[in-house]
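In this text, all values refer to a predicted model and were calculated from it rather than measured experimentally. Lettering of chains follows the sequences in order, A, B, ..., and the numbering in each one begins at 1.
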Number of protein chains: 2
Amino acid sequence: MDTSKMGSSDKLLLAALHLIAEKGYNGVTTLEIATAAGLSEKTLFRHFGTKQKLLEAAFDRYHYAEEMKKLFAEKLVWDLETDLLLVSTTYHEIMNRNRKMIQISLKEDEGQLPGFRTRTQKHPQQLLEILTNYFIDMSAKGKIVATNPELHAFTFIMMHFGAFMNDLDSQKSYPGITLAPFVQESIQLFARALRP
Amino acid sequence: MDTSKMGSSDKLLLAALHLIAEKGYNGVTTLEIATAAGLSEKTLFRHFGTKQKLLEAAFDRYHYAEEMKKLFAEKLVWDLETDLLLVSTTYHEIMNRNRKMIQISLKEDEGQLPGFRTRTQKHPQQLLEILTNYFIDMSAKGKIVATNPELHAFTFIMMHFGAFMNDLDSQKSYPGITLAPFVQESIQLFARALRP
DNA sequence: GAAAAGACTGTCAGTACTTACTGTCATCAA
DNA sequence: TTGATGACAGTAAGTACTGACAGTCTTTTC
């Protein structure tokens, strides 16, 4: 990331996000953050007042909160494999954009970060609804057998949630396995399992 | 957990494990840990010398490291649904036994916890091997079609890893969905998808 | 075009609080 | 007597945060 043209506030927010995601809120000092941003500690406090407010500002600034429904409203074509691919890639895109925020939510407990976790959980919940309804509709169209649409949807999302989580830390558990083939595999698996 | 009959060391180790898993290493003080254990802070240091050594001792004491291969050596019966159920339940059992350790590994970065992460990742890696070989053998027996055994295995594990992670924080993303039906669903899904 | 004003930043010294960790001595049970 | 513990006081280091002052750069004003 080229920070040379950014304002001081943005430099600080980015540095805070990176460092807190990596070492946790209590694991980073305000001096570290300021230094990483190429600024003095004093400037940090002039901009944000407290360390807490800095974190909150970073969360507000870099949290992506599009309405999931819009993302799918007109893009579904009612072909199972095509649509599942859309869902998968969209899911991973959004999760990756919110990667740092998710890491922070994982590390810190809710007491100190009011509302952070609910915000990071918003997307997955919306997606579950959408996918459940999709399976119901596809079943009504006779294109799949959906004995338990919500559980199907949940299972599909858990697969991708697991893969995303596994990918989160650079210290990967399963080296040599990349995301793209996995996405393909997950879709074929569902396509074959739900075929009427 | 009834701690009344335990020795002081064990009380401290347990308290440390609980609190660090909940609030992170830097989020808990030695005084908190000692108080939670019903002992004085002094006793904590008499037993473990430093806070770091306390955490390391807790990890050593409560980390379950059975050889996965033994768990499956004679239990597989070469019926897909039966065996997948065994794999799933064993996986969740082990992950749940190591729950606190996994939470700690997630919160703390590797720099401060030498070797912790590799230990928590040992089980998943072993399981991937076992399951891959299982799919290869089942394919050779003509009982399933395994176009890409390792990717099948990876996908199956990611499903359950995702479900486990989702279950980790009490602040669940998906209330109302419990583990048992999900396990059942995941197995049926694979059974139908891999049927020759 | 020069001067003045204002916005932003760095340096440095310092405060107040927390916290890991120690030393001493008394207590108490086996 | 011995071994484990608690109460208490205290040290040393780290850290969030403040105040005072000076420097630089841009913008405004004459």
Sugar-phosphate only, base, or nothing, as touched by A/Lys42 at under 4.0 Å among non-hydrogen atoms: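 Contact class for A/Lys42: base.
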Donor/acceptor link under 3.5 angstrom from B/Arg46 side chain onto base of D/dG3: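 Absent.
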N or O in side chain of B/Ser8 less than 4.0 angstrom from D/dA4 OP1/OP2: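 Checking D/dA4 against B/Ser8, no side-chain N or O comes under 4.0 Å of OP1 or OP2.
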B/His47 side chain near D/dA4 phosphate (N/O to OP1/OP2, under 4.0 Å):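 Checking D/dA4 against B/His47, no side-chain N or O comes under 4.0 Å of OP1 or OP2.
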Given [options], the nucleotide with the shortest approach to the side chain of [X]:
X	options	answer
B/Thr29	D/dC17, C/dT19, D/dT5	C/dT19
A/Thr43	C/dG10, C/dC21, D/dG6	C/dG10
B/Lys51	C/dA20, C/dG10, D/dT18	C/dA20
B/Ser40	C/dA20, D/dG6, D/dA16	D/dG6

Rounded to the Å, how far apart are [X] [atom1] and [N] [atom2]?
X	N	atom1	atom2	result
A/Leu39	C/dT11	CG	P	11 Å
B/Leu12	C/dC21	CG	P	14 Å
A/Phe48	C/dT9	CZ	P	10 Å
A/Lys53	D/dC17	NZ	C1'	12 Å
B/Tyr25	C/dT19	OH	C1'	11 Å
A/Phe45	C/dT9	CZ	P	15 Å
B/Leu55	C/dC21	CG	C1'	17 Å
A/Glu32	D/dG14	CD	P	12 Å

B/Glu150 and B/Thr132: side chain donor to acceptor below 3.5 Å: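 No pair is found: no donor N or O on one side chain lies under 3.5 Å from an acceptor on the other.
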Flag for A/Ser186-A/His160: side-chain donor and acceptor within less than 3.5 Å: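 Yes, side-chain donor-acceptor contact under 3.5 Å.
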Closest approach of A/Glu66 to A/His123 (non-hydrogen atoms, all atoms of both residues):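 A/Glu66 and A/His123 have their closest heavy atoms at O-CE1, 3.6 Å.
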Minimum heavy-atom distance between B/His92 and B/Ala163, given as atom pair plus value: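 Of all heavy-atom pairs spanning B/His92 and B/Ala163, the closest is CE1-CB, 4.5 Å.
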Geometric class of the B/Phe190/B/Phe156 ring pair [parallel <30°, tilted 30-60°, perpendicular >60°]: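 Ring orientation of B/Phe156 relative to B/Phe190: perpendicular.
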